[in-house]
Novice: 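Below you will find the structure I want to go over with you.
Quick caveat, the model's predicted, so the values are computed rather than measured. Order of the sequence lines sets the chain letters (A, B, ...), proteins ahead of strands, with each chain counted from 1.
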Number of protein chains: 2
Amino acid sequence: MKALNIGRLSERAGVNIETIRYYEKIGLLPEPSRTAAGYRQYGEDHLRRLRFIRRGRDLGFSIEAIRALLRLAEHPEQPCARADELAVEHLAEVESKIADLTRLRDELQRLVHCVGHSVAECRIIDTLAAIK
Amino acid sequence: MKALNIGRLSERAGVNIETIRYYEKIGLLPEPSRTAAGYRQYGEDHLRRLRFIRRGRDLGFSIEAIRALLRLAEHPEQPCARADELAVEHLAEVESKIADLTRLRDELQRLVHCVGHSVAECRIIDTLAAIK
DNA sequence: ATGGAGGCTGTAGCCACTACAGGGTCAAGG
DNA sequence: CCTTGACCCTGTAGTGGCTACAGCCTCCAT
């Protein structure tokens with residue numbers, strides 16, 4: 001079980017090197033030990049934690065939500081109602097974003113494929129200008 | 001046709017005062033004339049332009065896309081193919097965002113409503129940890 | 001004369017990274 | 001032993017599109 005340097009960790013977790021250092025700076029990933037030359041040395045626990053973070057981000061959780069979920073994950077004996085709460089909250093946000101974007105898409109679809117030939121009779125410009 | 005100060009323009013266009021000054025700084029809204037005391041004085045042309053910008057933002061266009069659309073709107077004799085192109089591009093982005101979020105929503109829906117009682121058996125934490 | 005609403009500039013903060021600049025370190029090949 | 005190139009380090013600044021001050025000045029009604 002040899003230690004991973006940051007490049008190797010980056011590959012194995014699917015997270016950018018710069019992003020790993022950023023997570024360390026904001027206290028999401030604990031500071032690893034260092035070699036004599038100052039290179040970061042990661043273990044399996046770091047890899048697991050970083051993958052947890054990446055999956056959370058893939059699911060669109062904010063950094064702060066992930067921070068809370070990590071705290072929960074560290075206390076397996078506690079009730080998990082809070083995790084459910086965080087997920088439900090996030091789901092609601094995602095659903096509301098979908099609704100917003102769907103309305104947007106409908107408007108854009110009505111707009112697109114302008115039949116005019118010059119800007120003077122362009123439906124898109126017209127809609128934005130809404131001179132009336 | 002009296003001049004508008006920034007507060008009045010803000011109300012009439014539905015755009016924040018700070019945002020108006022920001023648009024001026026980035027060159028989206030032209031610098032207005034000033035009173036002796038240095039107060040900004042806007043006219044109808046500013047109001048029209050700012051509303052155009054706001055509608056574009058409401059439709060989710062980026063500042064740069066709006067900059068391009070404004071340039072088009074200023075040249076009504078030119079062909080409007082470029083406006084259509086910008087709208088089609090943007091529509092595609094919106095559609096792809098909807099698709100992403102829909103996948104996300106499905107995943108979250110599967111996740112949510114954790115049946116366990118403690119974190120140790122929590123489906124949410126489990127999925128993120130994905131220890132397998 | 002005064003008080004409160006509104007205006008001004010300039011800077012810093014938000015989120016979650018990303019992209020350098022300018023250096024140091026390591027391992028393999030010549 | 002030396003060089004080359006891949007990798008690592010720190011620190012800072014930039015992204016988009018605002019938003020939020022701090023610390024001033026000005027206008028108008030009472």
Side-chain angles (χ1 to χ4, degrees), chain A residues 2-29 31-42 46 49-50 52-70 89-90 93-94 97 100-101 104, chain B residues 2-29 31-42 46 50 52-70 86 89-90 93-94 97 100-101 104:
Chain A
K2 56 186 165 39
L4 308 160
N5 61 14
I6 199 167
R8 200 92 180 72
L9 180 72
S10 166
E11 274 173 36
R12 306 246 340 242
V15 174
N16 227 313
I17 290 178
E18 315 274 29
T19 306
I20 295 173
R21 286 198 279 251
Y22 169 71
Y23 287 162
E24 181 182 322
K25 205 173 69 182
I26 62 170
L28 203 58
L29 198 62
E31 291 188 27
S33 57
R34 302 271 188 145
T35 66
Y39 282 29
R40 289 171 179 81
Q41 294 256 270
Y42 296 97
H46 286 103
R49 194 175 169 98
L50 187 53
F52 186 106
I53 295 168
R54 206 218 52 207
R55 288 198 192 91
R57 292 293 301 135
D58 284 352
L59 286 168
F61 284 99
S62 73
I63 295 285
E64 287 320 302
I66 290 171
R67 210 187 284 276
L69 290 167
L70 278 166
E89 238 169 63
H90 179 46
E93 276 162 32
V94 170
K97 236 178 242 167
D100 287 354
L101 285 176
L104 212 64
Chain B
K2 58 185 164 32
L4 306 160
N5 60 14
I6 199 168
R8 199 91 182 73
L9 181 71
S10 165
E11 275 173 35
R12 307 249 334 245
V15 174
N16 227 312
I17 290 178
E18 314 275 28
T19 306
I20 294 173
R21 285 198 280 248
Y22 170 70
Y23 287 162
E24 180 181 322
K25 205 173 71 183
I26 62 170
L28 202 58
L29 198 63
E31 292 187 28
S33 56
R34 304 271 189 145
T35 66
Y39 282 28
R40 287 170 180 82
Q41 294 257 269
Y42 296 97
H46 286 103
L50 187 54
F52 186 106
I53 295 168
R54 207 218 53 210
R55 290 198 191 92
R57 293 292 301 136
D58 285 352
L59 286 169
F61 284 99
S62 73
I63 295 285
E64 286 320 303
I66 290 171
R67 211 187 283 277
L69 289 167
L70 278 165
L86 283 165
E89 238 169 66
H90 179 45
E93 276 163 32
V94 170
K97 236 178 240 167
D100 288 354
L101 286 175
L104 212 62

Novice: Which of the following nucleotides, dC9(D), dG17(D), dC8(D), is nearest to the side chain of I17(A)?
Specialist: dC8(D)

Novice: Salt bridge (Lys or Arg N to Asp or Glu O under 4.0 Å) with E93(B): which residues, sequence neighbours excluded?
Specialist: none

Novice: Apply side-chain contact (heavy atoms from CB on, under 4.5 Å) to L29(A) and R49(A), showing your working.
Specialist: CA-CA 7 Å; L29(A) 198 62; R49(A) 194 175 169 98; 4.1 Å; yes

Novice: Going 5' to 3' on DNA chain C, which nucleotide is the first and which the last to come under 4.0 Å of a heavy atom in chain B?
Specialist: dG6(C) to dT9(C)

Novice: Would you say T19(B) reaches dG17(D)'s phosphate, i.e. side-chain N/O to OP1/OP2 under 4.0 Å?
Specialist: no

Novice: Are E24(B) and P32(B) packed together at the side-chain level, in the sense that at least one heavy-atom pair is separated by less than 4.5 angstrom?
Specialist: yes

Novice: Are L70(B) and I66(B) packed together at the side-chain level, in the sense that at least one heavy-atom pair is separated by less than 4.5 angstrom?
Specialist: yes

Novice: What is the distance from CZ of R40(A) to P of dC7(D), rounded to the nearest Å?
Specialist: 17 Å

Novice: For R12(B), what residues pass the salt bridge (Lys or Arg N to Asp or Glu O under 4.0 Å) criterion, not counting sequence neighbours?
Specialist: none

Novice: Taking only distance into account, with no hydrogens and no angle test, what donor-acceptor pairs under 3.5 Å do side-chain atoms of residues 15-22 of chain A form with protein atoms, sequence neighbours excluded?
Specialist:
from   : atom 1 : to     : atom 2 : distance (Å)
E18(A) : OE1    : R21(A) : NH2    : 3.4

Novice: Would a distance-only check, ignoring hydrogens and angles, find a side-chain to backbone donor-acceptor pair under 3.5 Å from R40(A) to N5(A)?
Specialist: no

Novice: At a heavy-atom distance below 4.0 Å, what parts of residues 59-68 of chain B sit against DNA chain C?
Specialist: none

Novice: Both N16(A) and T35(A) contact DNA chain C. Which one's nearest nucleotide lies toward the 5' end?
Specialist: N16(A)

Novice: In Å, rounded to the nearest 0.5 Å, how long is the span from OH of Y42(B) to OG of S10(B)?
Specialist: 10.0 Å

Novice: Say whether, by atom type as modelled, one donor and one acceptor occur between the side chain of H90(A) and the main chain of L59(A) under 3.5 angstrom.
Specialist: yes

Novice: For L4(A) and dC8(D), give me the distance from atom CG to atom C1', rounded to whole Å.
Specialist: 15 Å

Novice: Any N/O pairs under 3.5 Å between the protein and nucleotides 21-26 of chain D? List them or say none.
Specialist:
from    : atom 1 : to     : atom 2 : distance (Å)
dT26(D) : O4'    : Y39(B) : OH     : 3.4

Novice: Any donor and acceptor pair, going by atom type alone, linking the side chain of R55(B) with main-chain N or O of L50(B) inside 3.5 Å?
Specialist: no

